[in-house]
Amino acid sequence: QVQLVESGGGLVQDGGSLRLSCAASGLTFSNYAMGWFRQAPGKEREFVAAVSRTGRSTTYADSVKGRFTISRDNAKNTVALQMNSLKPEDTAVYYCAAVMSIGIVSRADRYDYWGQGTQVTVSS
């Protein structure tokens, strides 16, 4: 049974930082590209960042480029999202997801597995 469990969310002030982590189990982690998505109240889920199976390739949404960094540790079966210079518009539930793919995937509908999400709230 595949499980993705996010942690690290919370309340932070405008300009602050948070580090999200996602622990994966029940799958051969190094066979899966990983992604982070977010969903704000009343909005559709949107792509944030993705990393390839090896960790050598990454891609980001324009709205977070230069502020967020995605990374993975295949030895620990984890993927992280370092979020700096947070803004109130970054407030959302953040989800990690896994897809069996050689390349990076940014489309949510291609992902195979999803975590339950972790709330990030940025106060102004």
query: Do you reckon V2 sits in the same ILVMFWY cluster as Y32, going by side-chain contacts under 4.5 Å, direct or chained?
result: yes
task: Find out whether D14 and P88 are in side-chain contact, i.e. whether some heavy atom of one side chain is under 4.5 Å from a heavy atom of the other.
output: yes
field: Taking every non-hydrogen atom, the tightest pair across I70 and W36
entry: CD1-CD1, 3.5 Å
query: Just by modelled atom types, is the G117 backbone N or O under 3.5 Å from a matching donor or acceptor in the E6 side chain?
result: yes
message: Ignoring hydrogens and geometry beyond distance, is a side-chain donor-acceptor pair present between N84 and S17 at under 3.5 Å?
response: yes
query: Nearest heavy-atom pair of N74 and S30: which atoms, and what distance?
result: ND2-CB, 3.8 Å
query: Would one find more than 12 heavy atoms of other residues, nucleotides or ligands at under 6.0 Å from atom NZ of K65?
result: yes
task: To the nearest 0.5 angstrom, please state how far the CE atom of M100 sits from the CG atom of L27.
output: 7.5 Å
query: Short question: side chain of T54, backbone of R56 - any donor-acceptor pair under 3.5 Å?
result: yes
Note, L11 side chain near S123 side chain (heavy atom, < 4.5 Å): yes
field: ILVMFWY cluster membership beyond V99 - transitive side-chain contacts under 4.5 angstrom
entry: F37, F47, V93, Y95, V105, Y111, W114
- request: List for me each residue that meets side-chain contact (heavy atoms from CB on, under 4.5 Å) alongside T91, sequence neighbours excluded, and say none if there are none.
  value: Q119, T121, V122
- prompt: Can the positive tip of R72 be found less than 6.0 Å from the middle of the six-membered ring of F29, inside 45° of the ring normal?
  reply: yes
- prompt: What's the spacing between R107 CZ and D109 CG if we round to 0.5 Å?
  reply: 4.0 Å
message: Just verifying a value: how many Å separate R110 CZ and D112 CG, rounded to the nearest 0.5 Å?
response: 9.0 Å
query: Does D90 come within less than 4.0 Å of K87, counting only side-chain N to carboxylate O?
result: no
field: Any R38 side-chain heavy atom under 4.5 Å of S63 side chain
entry: yes
statement: Output for pair (N77 CG, S25 OG), nearest 0.5 Å, gives 8.0 Å
- prompt: Do you know the tightest heavy-atom contact between T58 and G55?
  reply: CG2-O, 4.5 Å
query: Just wondering, do V12 and M83 contact through their side chains at under 4.5 Å, heavy atoms?
result: no
message: Between S106 and I104, is there a side-chain heavy-atom distance shorter than 4.5 Å?
response: no
- prompt: Taking the hydrophobic residues Ile, Leu, Val, Met, Phe, Trp and Tyr, and joining any pair whose side-chain heavy atoms are under 4.5 Å apart, which ones share a cluster with I102?
  reply: none
message: Using the rule given for side chain to side chain contact (heavy atoms under 4.5 Å, CB included), can you reason through M34 versus L4, listing the C-alpha separation, both sets of side-chain angles and the distance that settles it, and then say yes or no?
response: CA-CA 11 Å; M34 300 296 294; L4 301 177; 4.2 Å; yes
- prompt: With a 4.5 Å limit on heavy-atom distance, are the side chains of L81 and R19 in contact?
  reply: no
